[in-house]
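Working notes for the structure below.
Note that this is a predicted model, so its numbers are computed, not measured. Note: hydrogens, waters and symmetry copies are ignored here, and every other heavy atom, side chains too, is used.
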Amino acid sequence: MWNAAMWGGISGSAVLIGALAAMFIPIRKKIIGYIMAFGTGVLIGAAAYELLGDSLNSGGVIPTSIGFVAGAFIFTFFNYIVSKKGAAERKRSEQKAATSGGIAIFIGTIIDAIPESIMIGASLLEGQSVSFLLVIAIFISNIPEGLSSTAGMKDNGYSKQKILILWIAVLAISTFASWSGYFFLDGASEAVMASIAAFAGGGIIAMVASTMMPEAYDDSGSTTGLITSLGLLVSLLLNNFS
């Protein structure tokens with residue numbers, strides 16, 4: 001059980017690492033775009049191989065389809081709400097991000113993090129080892145989120161202390177969500193587990209398509225597709241050897 005919390009904390013700590021880097025290290029926008037593009041590829045692979053593939057094998061087509069569509073729809077709905085409140089640019093480091101509301105950015109980041117963290121904890125129920133593919137994918141994708149969102153909040157006048165408090169809260173929520181995924185899903189039926197895994201997969205794919213991919217392209221340009229493809233290849237290799 002505490003293993004689940006630890007791995008959730010490790011994956012969630014990447015936003016804090018990214019925030020600290022944005023505060024103290026000058027990082028070119030193009031580098032942030034490269035990291036985000038690579039993370040996009042790894043996340044797509046994790047959703048496809050680790051979440052949707054396992055969901056289809058264990059629960060069948062109907063629970064997988066229902067969970068996937070529900071996850072994509074709910075993420076899109078809440079993403080629309082927080083975007084209207086000022087979090088549409090939460091992963092951007094450019095000046096446009098400076099107009100985003102800090103609390104809306106915080107809420108949007110939580111919407112990104114919770115389903116991912118729940119599935120990290122739930123992955124421990126399958127065996128005694130965590131899904132390293134999920135942990136690595138989420139960790140990589142969280143670094144540019146911490147980098148770019150922190151840059152935007154700094155431009156919006158948030159103090160370093162307030163920014164750190166927000167990201168530490170995200171880390172704590174990620175840790176708790178991972179613990180909850182292990183604790184509350186223990187003993188759940190295969191159909192329920194399949195639906196939840198597919199739900200997380202749907203949310204991740206919707207998040208990647210609506211936030212990470214366009215913003216990675218804005219930052220890194222025409223090389224985005226190549227770097228995303230390399231991330232997907234790494235995801236495939238990790239899935240094959242884990």
Side-chain angles (χ1 to χ4, degrees), residues 1-12 38-78 111-142 174-213 228-242:
M1 179 166 58
W2 298 115
N3 245 6
M6 179 191 73
W7 286 112
I10 288 172
S11 65
F38 187 79
T40 294
V42 178
L43 266 181
I44 291 172
Y49 309 135
E50 191 71 25
L51 296 175
L52 296 176
D54 290 352
S55 174
L56 193 62
N57 290 334
S58 62
V61 173
I62 292 177
T64 300
S65 300
I66 291 172
F68 182 78
V69 173
F73 177 82
I74 290 175
F75 175 86
T76 301
F77 174 75
F78 282 107
I111 292 171
D112 298 344
I114 285 179
E116 301 167 343
S117 299
I118 288 173
M119 289 317 303
I120 287 176
S123 72
L124 281 161
L125 296 172
E126 303 282 331
Q128 292 306 306
S129 63
V130 74
S131 168
F132 289 107
L133 174 56
L134 265 183
V135 172
I136 292 169
I138 294 167
F139 188 91
I140 292 172
S141 67
N142 279 343
S174 298
T175 301
F176 178 75
S178 187
W179 176 86
S180 298
Y182 182 90
F183 183 80
F184 291 107
L185 294 178
D186 192 12
S189 68
E190 285 191 346
V192 169
M193 291 291 291
S195 296
I196 292 172
F199 180 91
I204 287 170
I205 294 297
M207 182 268 288
V208 162
S210 61
T211 61
M212 291 184 71
M213 291 183 75
T228 301
S229 300
L230 293 176
L232 181 58
L233 175 62
V234 168
S235 187
L236 174 65
L237 295 175
L238 286 171
N239 183 67
N240 186 59
F241 292 110
S242 61

By ring pair (Phe, Tyr, Trp, His ring centres under 6.0 Å), Phe176 pairs with (sequence neighbours left out) Trp179
Hey, is CG on Leu233 packed in by over 12 heavy atoms from elsewhere, all under 6.0 Å?
yes
Begin with the C-alpha distance, continue with both residues' side-chain angles, and end with the deciding distance and a verdict on side chain to side chain contact (heavy atoms under 4.5 Å, CB included) for Ile118 and Ser180.
CA-CA 7 Å; Ile118 288 173; Ser180 298; 5.5 Å; no
Distance-only, no hydrogens or angles: does the Ser117 side chain make a donor-acceptor pair with backbone N or O of Ser178 under 3.5 Å?
no
Taking all atoms of both residues into account, what is the closest heavy-atom pair of Leu52 and Ala198, and its distance?
CD2-CA, 3.9 Å
How long is the straight-line distance from CZ of Phe68 back to CZ of Phe73, given to the nearest 0.5 Å?
14.5 Å
Residues Leu232 and Tyr49: closest non-hydrogen pair is CD1-OH, 4.0 Å
Closest heavy-atom pair, Ile74 versus Phe199, reported as atoms and distance to 0.1 Å, is CD1-CE1, 3.6 Å
Are the side chain of Ser58 and the backbone N or O of Ala194 linked by a donor-acceptor pair below 3.5 Å?
no
Just verifying a value: how many Å separate Met213 CE and Thr40 OG1, rounded to the nearest 0.5 Å?
6.5 Å
Between Asn57 and Gly53 (side chain of the first, backbone of the second, donor and acceptor by atom type, cut-off under 3.5 Å), is there such a pair?
yes
Taking every non-hydrogen atom, the tightest pair across Gly39 and Ile140
CA-CG2, 3.5 Å
State whether the side chain of Thr64 and the backbone N or O of Gly60 hold a donor-acceptor pair below 3.5 Å, judged by distance alone.
yes
Take Leu134 and Leu51 through the side chain to side chain contact (heavy atoms under 4.5 Å, CB included) test and state the conclusion after the steps.
CA-CA 9 Å; Leu134 265 183; Leu51 296 175; 4.1 Å; yes
Here the gap from Asn239 atom CG to Ile136 atom CD1, rounded to the nearest 0.5 Å, amounts to 11.0 Å
Apply the test side chain to side chain contact (heavy atoms under 4.5 Å, CB included) to residues Asn240 and Leu236: give CA-CA distance (whole Å), side-chain angles for both, the deciding distance (0.1 Å), then the verdict.
CA-CA 6 Å; Asn240 186 59; Leu236 174 65; 5.5 Å; no
Has Asn142 got a side-chain atom pairing as donor or acceptor with Ser11's backbone, closer than 3.5 angstrom?
yes
With the side chain counted from C-beta on, respond yes when Leu43 and Met207 share a heavy-atom pair under 4.5 Å apart, and no when they do not.
yes
Taking all heavy atoms of Ile205 and all of Ala47, pick out the closest pair and write down the distance.
CD1-CB, 3.9 Å
Derivation and outcome, side chain to side chain contact (heavy atoms under 4.5 Å, CB included), residues Val234 and Leu230:
CA-CA 6 Å; Val234 168; Leu230 293 176; 5.6 Å; no
State, to 0.1 Å, how close Ala5 and Thr175 come at their nearest heavy-atom pair, and which atoms those are.
O-CG2, 3.3 Å
